[in-house]
Asker: 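One structure coming up, written as structure tokens, with questions to follow.
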Amino acid sequence: MNTKKKRVLFIDRDGTLVVEPPVDYQIDSVEKLQFIPKVIRNMAFIREKLDFELVMVSNQDGLGTPSFPEENFRPLQRLIIQTFAGEGVTFDAVHIDRSLPEENRPTRKPGIAMLSEYLDGSYDMSRSYVIGDRLTDMQMARNLGCRGILYGTETLREELAAEHLEEVCALVTDDWDKITEYLFAGERRAEVRRVTSETEIYVSLNLDGHGKGDISTGIGFFDHMLDQIARHSGVDLTVRCQGDLRVDEHHTIEDTGLALGEALARALGDKRGIERYGFCLPMDDSLCTVALDFGGRPWLVWKAAFHREKIGDMPTEMFFHFFKSLTDAAHMNLTVEAEGENEHHKIECIFKAFARSLKMAVRRDIFRYELPSTKGVL
């Protein structure tokens with residue numbers, strides 16, 4: 001007997017599936033109807049590949065009143081439904097609340113009175129989502145016990161924080177490709193804690209981030225280089241390290257490389273859909289070439305010589321050790337070649353080139369969700 005619970009995507013209409021008119025917020029004529037970019041292709045992919053029921057949930061302020069007659073709404077709603085159906089996207093249910101905001105009806109989002117059938121125990125709300133462009137959609141997700149996906153820009157994160165909705169909202173994006181990627185292949189995040197008698201390290205990594213670095217190792221120049229990895233690869237990276245710097249910098253740098261490499265390996269998972277390879281970068285007087293391969297076999301070729309003992313507060317001999325530790329733990333094949341006159345430029349060029357190569361290699365395409373190997377395993 002199959003007792004697997006059903007999953008639902010509760011999807012807002014205006015502003016999420018179709019563009020919401022900025023003047024009166026009512027789609028009451030064909031001239032106003034415009035679909036959100038890439039939404040039809042992605043909804044078709046979701047319907048074909050995933051097991052969600054698709055439920056449209058929409059507030060239509062004053063529908064049926066003289067200001068918003070029923071005869072203006074129904075033909076456009078029918079056209080929207082038929083357009084999706086023509087691409088294989090059928091909605092399992094459509095729920096529309098007609099009330100005005102000032103009425104405060106429990107059926108109006110973020111209220112869930114018209115969605116009670118999904119709370120009878122046959123649906124897995126913890127694995128269901130609300131997708132919408134407003135905070136009320138995220139509030140409805142919280143009321144349903146779902147996660148939320150907020151269709152919009154990163155600037156909305158401040159509003160989410162103000163309403164204490166960060167934990168509810170799994171993703172903020174204005175790209176339907178990203179929504180589908182998240183639903184289909186999941187997050188690529190990892191946390192690693194490495195504790196030895198010499199160091200205590202915490203690394204948090206999100207491969208599908210926005211280039212945000214939050215770095216603190218106690219070695220200023222090393223922090224600067226790790227921040228370059230985050231910014232130029234587009235990953236979100238947090239590194240916290242308490243090391244035995246009273247001895248020297250060796251353990252802090254080497255163990256951070258090991259922890260970061262392990263986080264990369266975990267976040268990549270089975271590596272399906274990734275580009276796998278990354279390739280280069282000039283910076284002022286320096287030229288650096290970085291080639292990497294997440295092929296599962298660690299190897300480092302290092303062709304970079306430094307003529308200063310330190311750059312900032314970081315020993316130049318430790319650059320090799322950092323990348324060796326990183327490649328070993330990430331199961332990565334890495335070749336680094338760098339030349340130039342200015343030592344600072346040269347090593348920064350290496351870190352930036354590595355970051356750009358990383359960005360290329362971890363790029364994921366769910367529409368070609370294959371393992372990039374003839375061996376069948378990486």
Side-chain angles (χ1 to χ4, degrees), residues 188 190-194 196 198-199 201-207 213 215 217 219 221-223 225-235 237 239 241 243 249-271 274-281 288-306 311 314-339 346-364 371-373 375 377-378:
R188 295 192 296 174
E191 291 187 354
V192 171
R193 297 181 187 275
R194 178 182 173 85
T196 72
E198 298 156 339
T199 59
I201 300 172
Y202 167 77
V203 172
S204 173
L205 176 70
N206 177 10
L207 291 181
I215 316 294
T217 66
I219 305 171
F221 187 77
F222 189 37
D223 290 354
M225 292 299 98
L226 293 174
D227 191 60
Q228 298 302 311
I229 292 178
R231 290 178 183 274
H232 291 278
S233 68
V235 307
L237 177 62
V239 178
C241 179
E249 304 87 350
H250 187 106
H251 299 136
T252 291
I253 296 168
E254 187 174 55
D255 288 3
T256 298
L258 290 169
L260 178 55
E262 184 179 344
L264 274 171
R266 289 187 189 179
L268 282 169
D270 66 6
K271 304 176 187 175
I274 69 166
E275 292 293 336
R276 176 177 166 178
Y277 303 101
F279 309 88
C280 142
L281 182 73
C288 177
T289 300
V290 169
L292 65 83
D293 172 17
F294 282 108
R297 298 179 301 278
W299 194 268
L300 175 61
V301 175
W302 182 263
K303 297 180 180 179
F306 296 92
I311 299 177
M314 185 169 177
T316 54
E317 67 177 5
M318 289 307 301
F319 296 136
F320 169 84
H321 285 284
F322 169 75
F323 282 103
K324 181 66 167 64
S325 299
L326 178 62
T327 53
D328 285 351
H331 309 292
M332 174 202 305
N333 194 303
L334 180 67
T335 295
V336 176
E337 297 186 26
E339 57 185 41
K346 191 159 51 177
I347 191 57
E348 188 165 346
C349 192
I350 288 174
F351 273 85
K352 287 180 176 177
F354 171 75
R356 299 301 294 186
S357 296
L358 181 64
K359 184 175 185 177
M360 294 173 65
V362 304
R363 182 182 177 275
R364 183 171 61 180
L371 197 67
S373 171
K375 298 179 184 300
V377 65
L378 284 178

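All heavy atoms count here, side chains included; hydrogens, waters and symmetry mates do not.
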Asker: Would you say that Val203 contacts Leu237 through its side chain, given a criterion of any heavy-atom pair below 4.5 Å between the two side chains?
Answerer: yes
Asker: For a quick test of reading the model, state the closest non-hydrogen atom pair linking Glu249 to Ile219 and the distance between them.
Answerer: CB-CD1, 3.7 Å
Asker: Would you check if His331 and Phe294 make a side-chain contact, meaning some heavy-atom pair closer than 4.5 Å?
Answerer: no
Asker: Which residue pairs pass the side chain to side chain donor-acceptor pair (under 3.5 Å) test when at least one of the two sits in residues 288-301, sequence neighbours left out?
Answerer: Arg276-Asp293
Asker: Using a 4.5 Å cut-off on heavy atoms from C-beta on, say whether the side chain of Phe319 contacts that of Met314.
Answerer: yes
Asker: Please name all residues satisfying salt bridge (Lys or Arg N to Asp or Glu O under 4.0 Å) with Lys352, sequence neighbours left out, ordered by chain then number.
Answerer: Glu348
Asker: Counting C-beta onward and ignoring hydrogens, is there a side-chain heavy-atom pair between Met360 and Tyr277 closer than 4.5 Å?
Answerer: no
Asker: Using the side chain to side chain contact (heavy atoms under 4.5 Å, CB included) rule, take Thr327 and Trp302 through it: C-alpha gap first, then chi angles, then the decisive distance, then the call.
Answerer: CA-CA 12 Å; Thr327 53; Trp302 182 263; over 6 Å; no
Asker: For residues Asp227 and Gly213, report the shortest heavy-atom separation together with the two atoms involved.
Answerer: OD1-CA, 3.5 Å
Asker: Just wondering, do Ile347 and Thr316 contact through their side chains at under 4.5 Å, heavy atoms?
Answerer: no
Asker: Could you give the distance from OG1 (Thr217) to CZ (Phe222), rounded to the nearest 0.5 Å?
Answerer: 5.5 Å
Asker: Which atoms form the tightest heavy-atom contact between Ala361 and Gly278, and what is the distance?
Answerer: CB-N, 3.9 Å
Asker: Is any side-chain heavy atom of Arg363 closer than 4.5 Å to one of Ile274?
Answerer: no
Asker: Sorted by first residue and then second, give each side chain to side chain donor-acceptor pair (under 3.5 Å) pair with at least one member in residues 252-265; sequence neighbours left out.
Answerer: Thr199-Asp255, His250-Glu254, Glu262-Arg266
Asker: Mind listing the side-chain donor-acceptor pairs of residues 332-339 below 3.5 Å, one per line with the distance, residues two or more places apart or on another chain?
Answerer:
none

Asker: Taking atom CZ of Arg194 as the centre, does the number of heavy atoms from other residues, nucleotides or ligands within less than 6.0 Å exceed 12?
Answerer: yes
Asker: Could you tell me if the side chain of Val290 sits less than 4.5 Å from the side chain of Leu358, heavy atoms only?
Answerer: no
Asker: Would you compute the distance between atom CG of Leu326 and atom CG of Leu258 and round it to the nearest 0.5 angstrom?
Answerer: 9.0 Å
Asker: Between Ser357 (side chain) and Phe279 (backbone), is there a donor-acceptor pair under 3.5 Å?
Answerer: yes
Asker: What residues form a salt bridge (Lys or Arg N to Asp or Glu O under 4.0 Å) with Arg193, not counting sequence neighbours?
Answerer: none
Asker: May I have the step-by-step check of ring pair (Phe, Tyr, Trp, His ring centres under 6.0 Å) for Phe322 and Phe351, ending in yes or no?
Answerer: CA-CA 11 Å; Phe322 169 75; Phe351 273 85; 5.7 Å; yes
Asker: Enter the distance from Cys241:SG to Ile253:CD1 here, rounded to the nearest 0.5 Å.
Answerer: 9.5 Å
Asker: Can you list the residues that meet the salt bridge (Lys or Arg N to Asp or Glu O under 4.0 Å) rule with Lys324, with sequence neighbours excluded?
Answerer: Asp328
Asker: Give a yes or no answer on whether the side chain of Lys359 reaches the backbone of Val235 with a donor-acceptor pair at less than 3.5 Å.
Answerer: no
Asker: Side chains of Phe354 and Ile229: closer than 4.5 Å at any heavy-atom pair?
Answerer: yes
Asker: Identify the heavy atoms of Cys288 and Cys349 that sit nearest to each other, and give their distance.
Answerer: CB-SG, 3.3 Å
